[in-house]
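Take a look at the structure below.
Chain letters run A, B, ... following the sequence lines, proteins first, then strands; residues in each count from 1.
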Amino acid sequence: AQTVTQSQPEMSVQEAETVTLSCTYDTSENNYYLFWYKQPPSRQMILVIRQEAYKQQNATENRFSVNFQKAAKSFSLKISDSQLGDTAMYFCAFPNFGNEKLTFGTGTRLTIIP
Amino acid sequence: NAGVMQNPRHLVRRRGQEARLRCSPMKGHSHVYWYRQLPEEGLKFMVYLQKENIIDESGMPKERFSAEFPKEGPSILRIQQVVRGDSAAYFCASSPRTVEYQETQYFGPGTRLLVL
């Protein structure tokens with residue numbers, strides 16, 4: 001069974017600082033995708049970024065980037081120049097090979113302090 | 001292109017009543033997933049459907065819960081004889097599932113069910 005672990009239940013940083021959220025996973029697959037989703041106070045689930053395991057280059061979306069270490073099965077999310085609107089729960093997610101159902105981590109509650 | 005639509009956004013039921021949650025996938029998406037989020041927890045997979053087919057219902061409780069995705073109309077998650085433990089946010093996600101595997105799933109805004 002696939003597992004996803006987020007070891008930081010809560011984090012807080014000052015506005016404009018950089019913060020890194022960690023995620024580790026376990027799988028026997030070789031080709032797969034990984035996702036970070038954001039859940040702000042509105043509770044909507046919003047896709048932040050996606051990484052393909054076969055790509056050596058780390059994915060980047062504006063201020064959001066990942067540090068993907070395939071051998072270590074680590075998939076951390078870096079948020080640069082953090083903004084108040086980044087305050088949210090962040091979930092790492094891993095799709096099951098074949099039917100794509102997502103396994104989510106327990107989440108990290110991120111608070112950006114003005 | 002409208003996103004994934006879910007309704008109602010909030011639903012209050014008394015114990016023993018039925019709850020019907022609806023999900024319309026994004027245009028062009030034929031695959032629907034339902035997830036449940038209990039308070040202060042992450043999302044847990046319930047069921048995966050294609051049009052007129054249940055592909056994987058391994059995450060769905062064996063009793064009182066059912067799901068369908070008819071040829072026409074939205075996907076429905078039905079909870080019969082609700083109990084207080086069913087209070088949660090229920091999220092629907094859709095994906096196109098083209099020849100490329102592991103497509104991104106896009107989520108709806110969720111339905112918050114409260115059982116009194």
Side chain / backbone / both / neither for [X] at chain B, heavy atoms under 4.5 Å:
| X | result |
| --- | --- |
| A/S42 | backbone |
| A/L47 | side chain |
| A/Q39 | side chain |

Measure the [atom1]-[atom2] distance between [X] and [Y] for me, rounded to the nearest 0.5 Å.
| X | Y | atom1 | atom2 | value |
| --- | --- | --- | --- | --- |
| B/F107 | A/M45 | CZ | CE | 5.0 Å |
| B/Q105 | A/Y33 | CD | OH | 13.0 Å |
| A/M89 | B/E40 | CE | CD | 7.5 Å |

Please check if B/F45 and B/M60 belong to a single hydrophobic cluster, counting links between Ile, Leu, Val, Met, Phe, Trp and Tyr side chain heavy atoms closer than 4.5 Å.
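B/F45 and B/M60: separate clusters.
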Group every Ile, Leu, Val, Met, Phe, Trp and Tyr by side-chain heavy-atom contacts under 4.5 Å, then state whether B/F91 and B/L113 land in the same group.
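Per the 4.5 Å side-chain linkage, B/F91 and B/L113 are not co-clustered.
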Should we count [atom1] of [X] as having more than 12 external heavy atoms under 6.0 Å?
| X | atom1 | value |
| --- | --- | --- |
| B/E63 | CD | no |
| A/E29 | CD | yes |
| A/F64 | CZ | yes |
| A/K73 | NZ | yes |
| A/K55 | NZ | no |

Minimum heavy-atom separation for A/F91 to B/Q37, with atom names?
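Reported closest heavy-atom pair: CZ-NE2, 3.7 Å.
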Counting N and O atoms only, with roles assigned by atom type, does the side chain of B/Y35 sit under 3.5 Å from a partner on the main chain of A/L102, one being a donor and the other an acceptor?
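Present.
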When you compare the side chain of A/R43 with that of B/R9, does any pair of heavy atoms fall below 4.5 Å?
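No, every pair of side-chain atoms sits at 4.5 Å or beyond.
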